[in-house]
Amino acid sequence: MRPLPRRFYRLDSRELAPLLLNKVLVLGPCRARIVEVEAYGGTDDAGSHAFRGRTARNAAMFADAGHLYVYFTYGMHWCANVVAGPAGDPGAVLLRAAAPVAGLDAMRARRPTARLDRDLCRGPARLSAAFGIDGRLDGADLVDRRGPWLADDGTPPPSEPGVSRRIGLTRGADHPWRWFVPGDPHRSRPG
DNA sequence: ACCGGGATGTTCT
DNA sequence: GAACATCCCGGTG
């Protein structure tokens with residue numbers, strides 16, 4: 001399998017997000033099928049880190065599409081996003097949950113508190129922890145295949161993905177910009 | 001099952 | 001000083 005090409009990512013984050021469902025995140029021995037995502041925009045989106053313009057933290061959101069935006073939150077967790085849209089046009093898709101398919105031993109070693117395999121990548125910070133993603137991968141290129149990348153194994157996105165409001169926000173919480181694979185047990189939550 | 005609270009430190013007001 | 005794109009643990013039912 002090969003990485004998805006740069007042009008795949010050059011879409012508005014709200015268009016790209018549902019297309020990432022059922023794609024496979026690859027990093028080292030670890031692989032997991034993406035089952036839940038959220039879209040974050042620019043100055044039109046009060047819930048986005050880019051809402052008030054570029055800062056040191058969100059710089060990767062302004063990079064060209066097909067890079068990783070990794071941020072630190074709640075004093076202990078890392079979360080990983082796929083940067084969307086053309087360079088200078090901020091937008092990203094938060095990877096919220098995935099179904100592990102390979103490298104489960106490495107994931108378990110990094111996530112000792114996960115009691116079930118289905119919990120290894122169930123949540124954005126858990127997913128990042130399972131893959132060992134932290135600030136060192138902020139800005140990483142998803143196309144050059146030197147680090148994390150995304151694969152299409154032939155499974156299409158769901159024809160009718162589940163949609164809901166985004167989780168964990170106060171500002172910008174009303175937009176229906178979360179998508180998931182309906183019924184998948186690896187989602188961070190049912191709805 | 002659901003709920004409440006604590007952890008922990010960067011970012012922004 | 002408050003908020004934060006979260007998670008874990010211990011309570012109760």
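Here is the naming used below: chain letters follow the sequence lines, and residue numbers restart at 1 for every chain.
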Could you pull out all donor-acceptor pairs under 3.5 Å where a side-chain atom in residues 104-113 of chain A meets a protein atom, sequence neighbours excluded?
residue: A:Asp105; atom: OD1; partner: A:Arg108; partner atom: NH1; Å: 2.7
residue: A:Arg108; atom: NE; partner: A:Asp117; partner atom: OD1; Å: 3.0
residue: A:Arg108; atom: NH2; partner: A:Asp117; partner atom: OD1; Å: 3.4
residue: A:Arg108; atom: NH2; partner: A:Asp117; partner atom: OD2; Å: 3.0
residue: A:Arg110; atom: NH1; partner: A:Ala130; partner atom: O; Å: 2.6
residue: A:Arg111; atom: NE; partner: A:Leu120; partner atom: O; Å: 2.9
residue: A:Arg111; atom: NH2; partner: A:Asp119; partner atom: O; Å: 3.0

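- A:Arg7 is linked by a side-chain contact (heavy atoms from CB on, under 4.5 Å) to A:Pro5, counting only residues two or more places apart in sequence or in another chain.
- Contacts of residues 72-86 of chain A with DNA chain C (heavy atom under 4.0 Å): A:Tyr74, A:His77, A:Asn81.
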Identify each atom pair where a protein N or O and an N or O of nucleotides 10-13 of chain C are less than 3.5 Å apart, giving names and distance.
none

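- Contact check of residues 27-48 of chain A against DNA chain C (heavy atom, cut-off under 4.0 Å) returns A:Tyr40, A:Gly47.
- Once you apply a 4.0 Å limit to the heavy atoms of chain A, the touched nucleotides of DNA chain B run 5' to 3' over B:dA7 to B:dT13.
- The stretch residues 89-98 of chain A participates, sequence neighbours left out, in these salt bridge (charged side-chain N to carboxylate O under 4.0 Å, His left out) pairs: A:Glu36-A:Arg96, A:Glu38-A:Arg96.
- Within residues 118-131 of chain A, the residues that have a heavy atom under 4.0 Å from DNA chain C are, in order of number, A:Gly123, A:Pro124, A:Ala125, A:Arg126.
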(message) Applying salt bridge (Lys or Arg N to Asp or Glu O under 4.0 Å) to A:Asp153 and A:Arg31, what does each step give before you reach the verdict?
(response) CA-CA 11 Å; A:Asp153 71 349; A:Arg31 296 182 178 230; over 6 Å; no
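- Distance, A:Arg165 CZ to C:dA5 P: 16 Å, rounded to whole Å.
- With contacts defined as side-chain heavy-atom distances shorter than 4.5 Å, the pair A:Ile34/A:Val24 does not qualify.
- Distance CZ (A:Arg189) to P (C:dT6): 8 Å, rounded to an integer number of Å.
- When the shell of 6.0 Å around CZ of A:Arg136 is examined, it contains 12 or fewer heavy atoms from other residues, nucleotides or ligands.
- Partners of A:Asp138 by side-chain contact (heavy atoms from CB on, under 4.5 Å), not counting sequence neighbours, listed by chain and number: A:Ala60, A:Tyr69, A:Val70.
- Annotation: proximity of residues 166-184 of chain A to DNA chain B (heavy atom, distance under 4.0 Å) is found for no residue.
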(request) Both distances under 3.5 Å, Watson-Crick or G-U wobble: on that basis, could you give the dot-bracket string for DNA chain C, with [ ] for crossing pairs and | for other-strand partners? (result) ||||.|||||||.
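- With sequence neighbours left out, the side-chain contact (heavy atoms from CB on, under 4.5 Å) criterion links A:Ala63 to no other residue.
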